Amino acid sequence: MDLRVLALYDRDMREGARPDGPGTRVERVGAVVRQVADAEGWNGVLWSALDETTADGAIAEQVEFFGALGHEFEWKLYGHDLPCDLGARLVAAGFRPEPAETLMVAETAGLRHDAGLPDGVRTMQVTDAAGVDLLVDVHEKAFGTDGARLRHRLLAQLAEWPDTVVAVVALAGEEPVSAARMELPPGTRFAGLWGGGTVAEWRGRGVYRALVAHRARVAAAHGYRYLQVDASAMSRPILERLGFHALGTTTPYVHAG
């Protein structure tokens with residue numbers, strides 16, 4: 001079953017990818033599928049069908065293309081991608097590998113949807129700039145990264161493509177303590193969980209688990225069969241307890257452009 005679901009994921013979300021936000025486009029160039037956005041969006045390679053004789057040429061083409069745009073970009077490499085040494089070839093071409101994550105998938109019908117929030121904590125759906133500010137504040141505190149690009153992307157989605165994203169913040173009183181979002185790509189079987197993070201002092205209390213369950217309910221209501229997440233080592237055990245299964249690994253390889 002895992003191989004069948006992995007093949008569906010590759011077909012829906014990689015080879016057949018749709019643009020992930022306003023102002024982006026997906027292009028198939030030879031044996032490579034890439035997304036092109038402005039400097040604030042996600043630029044990168046989503047899928048490839050390469051071998052030992054074509055890989056280096058395809059890598060060079062993408063470096064030249066995104067370099068001409070002046071954009072940093074990412075080659076999103078999966079553990080089953082070929083050739084087997086594609087990661088080493090990317091490094092040789094100037095890419096920097098970031099930490100690997102686990103590609104995890106669950107059927108929405110088989111997930112536990114009953115994980116509740118701790119006493120005194122409530123959820124708020126993000127629908128406007130004020131809500132985006134709260135979500136980005138949690139993101140920056142939880143991950144220690146600049147949330148400017150996330151703010152830009154989420155504001156654009158909510159304004160122009162509101163049906164493709166669900167964003168939620170967990171509040172303890174009026175304090176934002178956890179946040180997450182879910183992508184709802186039209187015409188696919190997979191909803192994607194992204195950005196789930198909890199500020200340090202609220203970890204271990206079940207808030208992250210509750211936000212996963214909340215998004216699972218929403219995905220099921222929208223008719224998505226599967227939920228997908230690129231899981232960190234911290235979130236993987238929680239997701240496994242909720243019913244997710246590992247399909248493989250994914251590693252971002254980043255090029256300065």
Side-chain angles (χ1 to χ4, degrees), residues 9-10 12-50 54-79 81-83 85-101 103 129 132 135-136 139-140 143-161 164-165 167 181 183-186 188 192-195 197 228-230 232 249-257:
Y9 177 81
D10 279 347
D12 277 13
M13 307 303 291
R14 302 184 65 206
E15 187 178 6
R18 281 82 166 165
D20 72 357
T24 66
R25 66 184 189 273
V26 171
E27 301 175 339
R28 179 158 187 165
V29 184
V32 169
V33 174
R34 67 191 179 202
Q35 177 170 288
V36 184
D38 62 20
E40 296 295 322
W42 188 87
N43 289 272
V45 172
L46 293 156
W47 177 88
S48 63
L50 304 172
T54 59
D56 291 338
I59 292 169
E61 288 174 5
Q62 300 312 310
V63 170
E64 180 180 4
F65 173 80
F66 285 106
L69 297 177
H71 292 172
E72 176 181 274
F73 76 104
E74 175 184 318
W75 192 298
K76 194 166 174 60
L77 180 68
Y78 289 77
D81 287 346
L82 297 174
D85 64 348
L86 184 52
R89 292 172 186 261
L90 290 168
V91 171
F95 288 77
R96 179 187 75 254
E98 295 192 343
E101 296 178 310
L103 171 64
V132 170
L135 183 145
V136 171
H139 185 275
E140 293 181 334
F143 300 111
T145 56
D146 186 344
R149 293 179 69 176
L150 173 60
R151 178 182 282 106
H152 171 86
R153 172 178 173 169
L154 192 49
L155 285 171
Q157 279 186 280
L158 290 172
E160 300 181 47
W161 292 8
T164 67
V165 63
R181 69 186 194 278
E183 303 285 339
L184 301 171
T188 73
L193 303 186
W194 298 96
Q228 168 266 323
V229 60
D230 295 343
S232 68
T249 62
T250 178
T251 304
Y253 282 77
V254 178
H255 196 282

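Numbers here are sequence positions counted from 1. Everything numeric in this text was worked out from a predicted model, so none of it was measured.
Listed by chain and number, the residues in a side-chain hydrogen bond (donor to acceptor under 3.5 Å, both in side chains) with D81 are R14 (sequence neighbours excluded).
In summary, the side chains of W42 and E74 do present a donor paired with an acceptor at a separation below 3.5 Å, with no hydrogens or angles considered.
Of all heavy-atom pairs spanning I59 and A93, the tightest one is CG2-CB, 3.6 Å. Considering every non-hydrogen atom in both E101 and S232, the closest pair reads OE2-N, 4.4 Å. Here the shortest heavy-atom pairing between A129 and L155 reads CA-CD2, 3.8 Å. Minimum heavy-atom separation, V26 to A17: CG1-O, 3.6 Å. Listed here is the closest heavy atom pair of P252 and P99: CD-O, 3.6 Å. Contact record, G21 with Q157: CA-CG, 4.5 Å, taken as the closest heavy-atom pair.
In this structure, CG in L77 is found 13.0 Å from CD in E98, a value given to the nearest 0.5 Å. In this structure, W75 CH2 and T251 OG1 are separated by 14.0 Å, a value rounded to the nearest 0.5 Å. In this structure, CZ on R181 lies 5.0 Å from CG on L150, to the nearest 0.5 angstrom. Here the CG-CH2 distance, from D20 to W194, works out to 9.0 Å after rounding to the nearest 0.5 Å. Here the CG-CD distance, from D12 to Q228, works out to 11.0 Å after rounding to the nearest 0.5 Å. Considering CG of L135 and CD of E140, their distance stands at 10.5 Å, rounded to 0.5 Å.
At a threshold of 4.5 Å between non-hydrogen side-chain atoms, the residues W47 and R28 count as touching. Using a 4.5 Å heavy-atom cutoff, the side chains of L86 and S48 are in contact. At a threshold of 4.5 Å between non-hydrogen side-chain atoms, the residues T164 and R18 do not count as touching. V36 is not listed as a side-chain neighbour of F73, based on a closest heavy-atom distance of 4.5 Å or more. In this structure, E15 and D10 have side chains that are not in contact, with every pair of non-hydrogen atoms separated by 4.5 Å or more. Side-chain contact between D230 and L103 is present, with heavy atoms from C-beta onward closer than 4.5 Å.
For the side chain to side chain donor-acceptor pair (under 3.5 Å) condition, the pairs that include at least one residue of residues 54-68, sequence neighbours left out, are R34-Q62, D51-T54, D56-R89.
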Which donor-acceptor pairs under 3.5 Å do the side chains of residues 65-72 make with protein atoms, sequence neighbours left out?
{"from": "H71", "atom 1": "ND1", "to": "A37", "atom 2": "O", "distance (Å)": "3.3"}
{"from": "H71", "atom 1": "ND1", "to": "N43", "atom 2": "OD1", "distance (Å)": "3.3"}

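No side-chain donor-acceptor contact under 3.5 Å links R153 to the backbone of R151. The main-chain N or O of Q35 is never found under 3.5 Å from a side-chain atom of R25 such that the two would form a donor-acceptor pair.
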